[in-house]
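Below you'll find the structure, written out as structure tokens, and then a few comments.
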Protein chains: 2
Amino acid sequence: MQLTTNPTTATSYRILIIEDDPTLTTTLRYSLHKQGHHVTVASDGLEGIKVARSTRPDIILLDLMLPNIDGREVCRYLRGWLDSPILMLTALGREEDVIAGLEVGADDYVTKPFRMNELIARINALIRRTRSQKPEADTLIAGDLMVRISEHRAMFADRELRLAPKEFQILIALMRRAGKVCTRAELMKEAWGEGIVVDPRNVDVHVRLIRAQLEGEPDGSWLIQTVHGVGYRFSGELGPNPPAEDANAEGNTN
Amino acid sequence: MQLTTNPTTATSYRILIIEDDPTLTTTLRYSLHKQGHHVTVASDGLEGIKVARSTRPDIILLDLMLPNIDGREVCRYLRGWLDSPILMLTALGREEDVIAGLEVGADDYVTKPFRMNELIARINALIRRTRSQKPEADTLIAGDLMVRISEHRAMFADRELRLAPKEFQILIALMRRAGKVCTRAELMKEAWGEGIVVDPRNVDVHVRLIRAQLEGEPDGSWLIQTVHGVGYRFSGELGPNPPAEDANAEGNTN
DNA sequence: CAACTCCTTCACAAATCGATAAACAAACGT
DNA sequence: ACGTTTGTTTATCGATTTGTGAAGGAGTTG
């Protein structure tokens, strides 16, 4: 099955390879360059650290066995100030090494020999994992309730809700922290703004109005719960409702 | 023998395993529990999705090959709204599968057979990556009792407790010092505040109300013990219950 | 300007919580 | 064994918190 586009490889990343084997570096450099990335190579740990400090790569491929300085040492050192992901790379397949590598702060570990495509996939996954830190989802879904923030719209099972601005802000504030209790102060900060101070009872009123909109639907009244003495909690489960139980048995093997 | 010494549940995470092989789940559950994690098991994709929605695990171990729904589908679905890391797990060693898994949003990929220690190291690395900025223990677990502070929620064996604010404060104060005796003065400082002075008997009353909630469950009444002349002691062992009883799914089925 | 929406404020009802008291039971020291 | 101290349980009442409805004003749109 072919996917249309792959946004992760659409952009180019700066990759630093710290590896002393010239054959491997050549292969890696070639393959990664073909992916559109910008590759820098350092052939020993000290040089790698220097290059990392000056170029700030998006990801580092780090050989475990290096001349002079052990790869683990390099990793530990880099981790102190660099938050780019580090992918350990080694000929050793012993699990102690894998574990030691991960313990020391590596984010992934690949043993040679490896398949280039897998390495690339892991690189992309690592970058995606560290880069896409909270893109602030535009669409919040919880069961039958769907809120599209950019459109300022909220739907409950195909029925459009009429939410006033304040109500809307409070709802998405609650949904963003789904499951957790939001104090009135927190909700006020979200819906009114940082410095603005109003009567906290206003929150109650708006919550009531939201509830009124959700009423009539199954479980609608339970979506926003009151936690006495603390605040309110959106207790719906995030994500769309799972597919029906029966239906298709797909992809089943064995 | 293990005493209830360490209130640091920072290393205890909620792990959901979506895997249909009972042998493997048993092994995993045992090993992960020994690490101090709280393990939930779902035996097929749909159940896994449901459990993930309701329990919000910190990390998910997902088998690629599942009955009814393909693991990739599950992964893609979860990724839409869940930001917890997903570790793919499969018997397939083909690189296409690894790549496909990573493309679909998995954060790591381990092929069977694998070494348990490596898996655990990868789990820890994943968790460290994603919630490195959360050293504060939000979830206190002691056997069947689980308290999530930010959600202001307490569950006893999947049954939700109704705890008033004071009761809640006293409970978590006791749990934080699990095994140690808390004097009434200490508990009052935690639940009422530094300067406030009230009749120490209030503590008695609230402890009784907590006990009333825990009643009916096995060992529930023994969780909070009275130390005559001194105060109260939370005597449950922190950390999840051993999975000794069954190898079956403990996830809900509603 | 008129109609409308939205926000705030208020008053009252309902629900919940917490402090106190008091009666009862258990544990302890002598 | 006895009385004293400490803990348990229940009840009650006032205080606090929250739900509800409505009114009025500010702001916006046509």
Side-chain angles (χ1 to χ4, degrees), chain A residues 152-154 160-174 181-216 220-235, chain B residues 152-154 160-174 181-216 220-235:
Chain A
H152 207 274
R153 273 171 148 226
E160 174 136 17
L161 305 180
R162 288 178 45 85
L163 295 177
K166 284 278 184 295
E167 297 160 31
F168 193 82
Q169 296 297 335
I170 289 178
L171 177 59
I172 62 178
L174 284 167
V181 179
C182 299
T183 66
R184 290 183 174 71
E186 287 172 333
L187 292 173
M188 283 165 58
K189 199 170 78 177
E190 290 281 338
W192 275 265
E194 184 74 49
I196 293 92
V197 270
V198 288
D199 189 347
R201 291 305 304 276
N202 282 319
V203 178
D204 301 28
V205 177
H206 288 293
V207 166
R208 185 185 103 64
L209 295 174
I210 299 173
R211 280 176 172 160
Q213 291 283 327
L214 267 41
E215 205 122 295
S221 336
W222 287 97
L223 275 180
I224 300 179
Q225 294 180 340
T226 304
V227 181
H228 197 101
V230 185
Y232 294 95
R233 172 178 55 202
F234 186 90
S235 72
Chain B
H152 210 272
R153 239 169 215 242
E160 173 139 17
L161 306 180
R162 284 180 45 88
L163 295 178
K166 283 277 185 296
E167 299 160 26
F168 193 82
Q169 297 296 340
I170 289 178
L171 177 60
I172 61 179
L174 283 168
V181 183
C182 299
T183 66
R184 291 181 173 70
E186 285 173 333
L187 292 174
M188 282 166 58
K189 199 170 78 177
E190 289 281 338
W192 274 265
E194 185 73 49
I196 294 92
V197 270
V198 287
D199 190 345
R201 278 168 187 273
N202 284 315
V203 179
D204 302 27
V205 177
H206 288 294
V207 166
R208 175 192 159 329
L209 293 174
I210 299 173
R211 280 175 172 160
Q213 290 284 325
L214 266 41
E215 208 123 291
S221 333
W222 291 98
L223 275 179
I224 300 178
Q225 293 179 341
T226 302
V227 181
H228 198 97
V230 185
Y232 295 95
R233 172 179 54 202
F234 187 88
S235 73

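As the structure is a prediction and not an experimental result, all values here were calculated from the model. All values below were derived from every heavy atom in this structure, side-chain atoms included, with hydrogens, water molecules and symmetry-related copies excluded. Within every chain, numbering begins at 1; the chains are lettered A, B, ... in the order of the sequence lines, protein sequences first and strands thereafter.
For the pair B:Arg184 and B:Arg208, nearest-nucleotide mapping onto DNA chain D gives the more 5' position to B:Arg184.
Of all nucleotides listed (D:dT9, C:dC10, C:dC7), C:dC10 comes nearest to the side chain of A:Val205. Listed nucleotides D:dG19, D:dT10, C:dC6 differ in distance to A:Arg211; the shortest reach to its side chain belongs to D:dG19. Side-chain proximity of A:His228 to C:dC7, C:dG18, C:dC17: nearest is C:dC17.
Counting non-hydrogen atoms under 4.0 angstrom, A:Phe168 reaches nothing in the nucleic acid. Heavy atoms of A:Asp204 sit under 4.0 angstrom from primed sugar atoms or phosphate atoms, though from no base atom. Contacts of B:Asn202 with the nucleic acid, taken as non-hydrogen atoms under 4.0 Å apart, include base atoms.
One interatomic measurement links the two molecules: CZ of B:Arg201 to C1' of D:dT6, which rounds to 7 Å at whole-angstrom precision. Across the protein-nucleic acid pair, A:Leu209 atom CG and D:dT18 atom P stand 17 Å apart, rounded to whole Å. Distance B:Lys166 NZ to C:dT16 P: 18 Å, rounded to the nearest Å. C:dT16 atom P lies 13 Å from atom CD of B:Gln213, rounded to whole Å. Taking atom CD1 of A:Ile170 as the reference point, atom P of C:dC6 lies 14 Å away to the nearest angstrom. Spacing between atom CD of B:Glu167 and atom C1' of C:dA19 amounts to 14 Å, rounded to whole angstrom units. Look at CD1 on B:Ile196: it is 10 Å from P on C:dA19, rounded to the nearest Å. Atoms CG (B:Asp199) and C1' (C:dA19) sit 8 Å apart, rounded to a whole Å.
Between the B:Gln213 side chain and the B:Ile210 main chain, no donor and acceptor come within less than 3.5 Å of each other. Between the A:Gln169 side chain and the A:Lys166 main chain, no donor and acceptor come within less than 3.5 Å of each other.
Contact annotation: B:Tyr232 does not reach the phosphate of D:dT6 (side-chain N/O to OP1 or OP2, under 4.0 Å). Between A:Trp192 and the phosphate of C:dT8, there is a side-chain N or O to OP1/OP2 separation shorter than 4.0 Å. The phosphate of C:dT8 has OP1 or OP2 within less than 4.0 Å of a side-chain N or O from A:His206. Using a 4.0 Å cut-off, no side-chain N or O of B:Thr226 falls inside it from OP1 or OP2 of D:dT6.
For the residue pair B:Thr226 and B:Tyr232, the shortest heavy atom distance occurs at OG1-CE2, 3.5 Å.
Between A:Met188 and A:Pro200, some side-chain heavy-atom pair lies under the 4.5 Å cut-off. Side-chain contact check for B:Asp204 versus B:Arg184: some heavy-atom pair is nearer than 4.5 Å.
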